[in-house]
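Since the structure comes first, as structure tokens, the remarks are kept for the end.
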Protein chains: 2
Amino acid sequence: MPKKVDHEARREEISEALWRIASTRGLEGASLRDVAAEAGISLGRLQHYFRGKDEMLLFALRYINRLADQRIRERIEALPGEPSPRAVLRACLSGMLPLDDKSRIGVLVGAAYFARAIHDEGLRAEAKEGIPKLRAFFADQLRAAAERGELAPDRATDDEAMLLISLVDGLSAYVLLDVHTPEQAVRLLDLHLGNLFGGGEGAEVAG
Amino acid sequence: MPKKVDHEARREEISEALWRIASTRGLEGASLRDVAAEAGISLGRLQHYFRGKDEMLLFALRYINRLADQRIRERIEALPGEPSPRAVLRACLSGMLPLDDKSRIGVLVGAAYFARAIHDEGLRAEAKEGIPKLRAFFADQLRAAAERGELAPDRATDDEAMLLISLVDGLSAYVLLDVHTPEQAVRLLDLHLGNLFGGGEGAEVAG
DNA sequence: GTTATAACGGTACAAGCGACTTGTAAAAGC
DNA sequence: GCTTTTACAAGTCGCTTGTACCGTTATAAC
């Protein structure tokens with residue numbers, strides 16, 4: 001047999017090439033040939049690592065979700081001292097916004113997948129997968145905040161969590177459309193958090 | 001000359017066929033041939049009314065936006081008596097959610113266009129166009145509410161208006177992905193409005 | 001050294017795409 | 001009634017797409 005190649009690593013390289021195309025031209029404009037060219041490989045090689053286009057798309061989606069998850073986890077752990085629930089939430093939510101090149105590409109690719117997921121059962125299941133966990137995590141933070149007296153105790157934490165997720169998605173969409181600048185999106189997010197937790201204190205946490 | 005045909009009406013018929021396809025298979029899966037078949041006409045005839053695909057897409061987008069605008073205007077006028085700013089806002093916002101078949105198709109088509117608008121300057125300009133006016137209208141309602149003492153006077157009305165728009169867009173996306181049912185989306189919207197205006201009073205307005 | 005096989009590069013192919021051209025029928029204008 | 005113009009249907013064009021299928025190389029196993 002010839003040299004053993006790390007298939008997973010190859011697939012990740014190809015996925016990154018796909019992201020680069022999807023974030024500039026959209027998913028629908030990413031043909032197998034384009035992706036192969038962007039990755040600097042032949043079409044034949046790409047086909048060696050992915051049976052078909054769908055398999056490639058699904059792998060790339062799972063991979064980018066995994067990276068985004070990890071990125072946000074690191075943001076939380078990077079918070080100084082014993083961060084308040086509010087600080088944790090702000091770090092998460094602003095990490096979901098397209099603020100820098102990395103996260104912008106992530107959101108861009110996510111938007112491209114979103115459009116396809118609406119009509120594709122497989123992708124839709126994949127897109128929905130992470131929401132409940134995220135929602136539960138946010139709700140936990142809100143409950144912790146309520147216990148510490150930083151949040152009105154009569155707030156419906158589970159619903160407020162979902163509201164936060166929906167809001168960030170809406171804000172992200174408008175940043176992609178250049179309706180907001182990234183800074184405005186953060187400002188609006190902070191406004192909502194201010195309404196939720198009360199007052200402006202807490203907004204000085206770095207983003 | 002032969003019988004005079006109402007070009008505008010023909011274009012609207014074709015647009016409606018396009019929506020039907022876009023709402024089930026997505027915009028990218030809507031070829032000129034498919035649209036023509038859905039409209040029950042030949043490809044040649046479709047091309048007689050639209051120079052190219054881009055022109056068709058743009059017309060259909062403007063048309064559906066016009067209809068949505070009109071639909072929401074009617075919702076406001078249908079409100080009983082002298083409606084409160086809160087009731088007006090709720091009618092608008094819930095009208096933007098995909099609650100019935102009509103609005104669902106509208107949002108579905110809007111989502112398809114959104115994905116394309118990210119990478120298409122012309123469509124992006126079209127998608128952005130209505131936002132400032134909507135935002136100003138919402139801000140006016142919020143100011144009116146503040147004057148009537150139904151809203152805390154220190155609220156940043158312009159930002160709160162944008163927050164409402166972003167939230168509804170996020171909620172709509174999650175309804176399309178079957179993360180929320182339409183009912184849950186309305187519940188979350190009402191929760192936000194309750195937070196904004198205070199208390200639960202006002203939530204009894206029909207949707 | 002032979003062989004089996006993973007790892008390719010290259011090409012061929014049918015299908016579908018948007019755009020364009022041509023042909024034809026019919027009705028309004030003169 | 002002849003002409004002109006509109007309203008179509010049908011076909012063709014060049015191109016791109018995803019997929020399938022070669023052929024070749026290189027290396028690990030025996």
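The figures that follow rest on heavy atoms only: side chains count, while hydrogens, waters and symmetry mates do not. Numbered from 1 within each chain, the chains take letters A, B, ... in sequence-line order.
With no hydrogens or angles considered, a side-chain donor-acceptor pair links Glu160(A) and Asn195(B) at under 3.5 Å.
Residue His48(B) places at least one side-chain N or O under 4.0 Å from the OP1 or OP2 atom of dA7(D). Taking only side-chain nitrogens and oxygens, Arg45(A) comes nearer than 4.0 Å to OP1 or OP2 of dG9(C).
Not one N or O on the side chain of Glu16(B) forms a donor-acceptor pair closer than 3.5 Å with the backbone of Glu13(B).
Considering only heavy atoms from C-beta on, Tyr174(A) comes within 4.5 Å of Met162(B) through its side chain.
In this structure, Asp6(A) does not pair ionically with Arg10(A), as no charged nitrogen and carboxylate oxygen lie closer than 4.0 Å.
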*With the sugar-phosphate defined as primed atoms, P, OP1 and OP2, and the base as all remaining atoms, what B/S/- string results for nucleotides 17-22 of chain C, 5' to 3', for protein heavy atoms under 4.0 Å?*
BBBB--
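We find that CD1 of Ile41(A) is positioned 12 Å from P of dG10(C), with the value rounded to whole Å. When the C1' atom of dA20(D) is taken as reference, atom CZ of Phe50(A) falls 19 Å away, rounded to whole Å.
Scanning all heavy atoms of the two residues, the minimum distance from Leu164(B) to Leu196(B) falls at CD1-CD2, 4.3 Å.
Of the residues in residues 8-21 of chain A, not one comes within less than 4.0 Å of DNA chain D through any heavy atom.
Relative ring orientation between His192(B) and His192(A) is described as parallel, the plane-to-plane angle staying below 30° on a 0-90° scale split at 30° and 60°.
Backbone-only contact: Tyr49(A) has heavy atoms under 4.0 Å from sugar-phosphate atoms and none from a base.
In summary, of the residues considered (Glu55(B), Glu126(B), Glu8(B)), a salt bridge (Lys or Arg N to Asp or Glu O under 4.0 Å) with Arg62(B) occurs for Glu126(B) alone.
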*Going through the distances and angles, do Ser172(A) and Asp169(A) end up as a side-chain hydrogen bond (donor to acceptor under 3.5 Å, both in side chains)?*
CA-CA 5 Å; Ser172(A) 293; Asp169(A) 263 44; 5.4 Å; no
